[in-house]
Structures are given as C-alpha cells and as structure tokens.
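What follows is a set of notes on a single structure, which appears directly below.
Chain A is the first sequence line, chain B the second, and so forth, proteins listed ahead of strands; every chain is numbered from 1.
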Amino acid sequence: MNPGNYLVLSGLLFAIGAVGVLVRRNAIVVFMCVELMLNAVNLSLVTFSRIQGNLEGQVIAFFVMVVAAAEVVIGLAIILTIFRTRRSASVDDVNLLKY
Amino acid sequence: MDPHLLAAAAPITSTSGGEALTFWIIAPIAVLGALGMVLAKNAVHGALLLVANLFCVAVCYLLQDAPFLGFVQIVVYTGAIMVLFLFVLMLIGVDSTESLVETLRGQRLAATVLGLGFAGLLVFPLGKVIKGQPAAGVADVNKAGGGNIHAIARLLFTDYVFAFEAVSALLVIAAVGAMILTHRERTGPKPSQRETLRRRIESGAVLTPVPGPGVYARADSADQRPALPGGSNGLVGGAPSELGPGGGAAGGRGDDAGAGDAGDGKAPSGPVPATGPGAAGGAAPVGAGKGSGL
C-alpha cells in the first residue's frame, strides 16, 4: 500500500463533510460536518508530513486542532443563543437579515 | 532537518503489511461513519458515528508515526469536543425534527451531485499521482528528536512559539466568549420557595406524589377508591362517597352500573329507568345522607 492512500481517504472524508454541510438543516449536524472536514484536512497534513519527512505538518495539524476546539466552543454557544431566542436549531429559520 | 539524515532515510514506496491491513480495515469504517453521520436522521446517532470516524482518523495518525496527534485526537476530539456536542444536543432537544422543505428548489440533489463530482475530482487525480510516489517517512525525524513528542515540542517552542502563544490567547478568548454568549441576565427577582409552592397550589396540580404506572388508584390517599375495570371510580362528578353500612350488596350492583356510564347517572341494570342521580338512588341505595347516585 502506498502512503498516499491516506490522502485519498482524506479527500473522501472532506467531500462527504462538504455534502453534509450543504444538505443538512440541523445547525448542530452542519457543525459536525464542518468538524469532519477539518479532520480530513488534518489527516492530509499528517500524511504530507510523512511524505516530506519533517514534522512541520504535524505541528500545523496540532494548531488546526486547537483552533477547531475554540471554534466549536464559540459556534455551539451561538447555536444555543439562537435556539433560546428563536426556539429552533434549523439553519433555514435564521433569515432575519434576508429581508 | 539534516541533509545527511534525509539521505540516510530510505524512501517508503510501500508500507508494511501490518499497516496496510490496518488501513484497509480502518478506512472503510471511517468512510461509513462519515456517510452515516450525514445520513442519520437522529442527531445523536450522527454524533456517535462521528466519534467512530474520528477514532479511525486517530488510528491513521498512529499508523503514520504521529502518536502525539493520535492521542490528542482521541482525548480532545472524541472525548471533549464530542461530549460538548452531545451536551448541546441534549440542551436543544434531540427530537427537533429536520424540515424537509427546501428553501432553494432542488438544492439537496444539486449538492449531492456536486459533492460526488468534488469527491471524484479529489480522489481520482490524486490516486493517479500518488501511484509509486516515495514517502520519506518521519520515523527518522522522530528518532533524531528524541521521540515524536519531544520533536514536536521542540518545534512548538522554538520555531512556532509565537503561533503557540497566539493560539493560547485564542483559547482563553473563546472560553470567555462562550461564557458571555450563553450568560443570561435575570430580568425579575428569583422566585422564592414560598412563591413557587403558592403558584403550584393555585394551579390545582396534584400536590401529593402520584401513584406509579400500572396502579389503578389515582391517588395514594385511603379515601379514594381504586378504579373499576371500566376506568371510572364509580363516583358521579368525581365526588368521593362512602357506601352505607346496609347497602353493601346493592351498592356493589350500583358500582357495576356506574362502571359503564357513571357520567350521566343512569343505571341500566336497575329495574326502573332512571334519569338523574336522585332517581338512580331508588335502584341502587347508598348510604344515608350521601345523595350521590350510584
């Protein structure tokens, strides 16, 4: 098996996550799909680190994880605040700025 | 890294058999977990499938000589972040169903087709390019740095120390921001225990503990009779009544009649067609003084 197969897996996971973001309506599921895409990119970074033979890719993947953790905290807080005022977690219901 | 180290490292064109076997077991599970998360109706099932997927990705990190990232992935992602997701899911309510109304017509179909095309674009050229490409491998770098964790720590605290500090500031800001976003100012005074109790009594709710499921009695108190097979408790208008000392047998008959239709006060089994609670009293005598027709 070639190490590049990890890149194929990462590409598949990224595409699945992108489809999930476009198709799903529940804000939390959309958020989980974003997490899946971030993880796919992390996997590709680790694989590139291995192909290149240095650890910079792993360090960048580590930073991506930290930023993803911060993003999850803020995103879930925003979803919770919207749910409190609008009683809905659907991304279609948040359209006040549209009109 | 040192150039002589790079020269010493034999490029990997094919991994070991054990790694290949693990990859071919793990990769389908990861893809199926991701697909299941996108397709799952219940958001909690989706979260659990995402946990499986993240775990598989962690195994991929471990396979690629990145043990630090692998364990951080398991601890931070499948542990902390997914628990956070489940917390918010439970707060919002897992029964919140997804609307099937499309705001943009045909958006789901278009998104699926475009996603498939995107996957094809990503995977097929990639698969062609990577065929036979050598990989340097990080095992030597790890060994030169005194282990994966030491090597990453050296990079983090030398070359990337400013990024590291910025990211730590970001984490603190995120924590404070989440607290500010979810904090709610109390607009009125907090209700005291006395006010809560008064409101409960005024609302007419059951104050005593209600009997457990499967019990025919509607209350635990001794002056309430258990329900009859028909579902009623043999009382008219819900008022509690007691059988008189002499009317045991007749009262029993009246109970049976009351089981059928206690609401309108008729006693079909009685000899005289009765029309009201007072008339029914002739057919089914009850205790003196208690004028509730049975």
Legend entry - Gap between atom CG of L22(A) and atom CD of Q107(B) - 0.5 Å precision: 6.5 Å

Inset, instruction - Kindly assign one of parallel, tilted or perpendicular to the pair F23(B) and Y6(A), based on the angle between their ring planes and the thresholds 30° and 60°. - result: perpendicular

Inset, instruction - Please determine, by modelled atom types, if Y61(B) and Q58(A) share a side-chain donor-acceptor pair under 3.5 angstrom. - result: no

Legend entry - Atom group of V29(A) that falls short of 4.5 Å from chain B, counting heavy atoms: side chain

Legend entry - Portion of V73(A) that has a non-hydrogen atom of chain B nearer than 4.5 angstrom: both

Legend entry - Distance in Å, L43(A) CG paired with L54(B) CG, rounded so as to fall on 0.5 Å steps: 11.5 Å

Legend entry - Segment of T47(A) engaging chain B (4.5 angstrom heavy-atom cut-off): both

Legend entry - Distance-only donor-acceptor check, side chains N39(A) and Q73(B), under 3.5 Å: yes

Inset, instruction - With a 4.5 angstrom heavy-atom cut-off, could you sort out which part of L181(B) is near chain A: side chain, backbone, both or neither? - result: both

Legend entry - Residue N42(A) versus chain B: region with a heavy atom under 4.5 Å: both

Legend entry - Pairwise distance CD1(I152(B)) to CZ(F62(A)) - rounded to 0.5 angstrom: 8.5 Å

Legend entry - L50(B) portion near chain A, given a 4.5 angstrom heavy-atom threshold: side chain

Legend entry - From CH2 (W24(B)) to CG (L9(A)), nearest 0.5 Å: 9.0 Å

Legend entry - Whether over 12 other heavy atoms sit under 6.0 Å from R84(A) CZ: yes

Inset, instruction - Please state whether the side chain, the backbone, both or neither of L69(B) comes within less than 4.5 Å of a heavy atom of chain A. - result: both

Legend entry - G115(B) to A15(A) - nearest heavy-atom pair and separation: O-CB, 4.1 Å

Inset, instruction - Work out which heavy atom in N54(A) is nearest to a heavy atom in V141(B); give both atom names and the distance. - result: CA-CG2, 4.4 Å

Legend entry - Non-hydrogen side-chain atoms of R108(B) and R25(A) separated by less than 4.5 Å: yes

Legend entry - Full working for side chain to side chain contact (heavy atoms under 4.5 Å, CB included) between M82(B) and M32(A): CA-CA 9 Å; M82(B) 291 319 293; M32(A) 291 197 291; 4.0 Å; yes

Legend entry - Atom group of A47(B) that falls short of 4.5 Å from chain A, counting heavy atoms: both

Legend entry - Which portion of L13(A) sits near chain B, non-hydrogen atoms under 4.5 angstrom: side chain

Inset, instruction - Please flag which part of E71(A) lies under 4.5 Å from any non-hydrogen atom of chain B: side chain, backbone, both or neither. - result: neither

Legend entry - Heavy-atom pair with the smallest gap, counting every atom of S49(A) and V138(B): O-CG1, 3.4 Å

Legend entry - Contact origin within F124(B) toward chain A - heavy atom pairs under 4.5 Å: neither

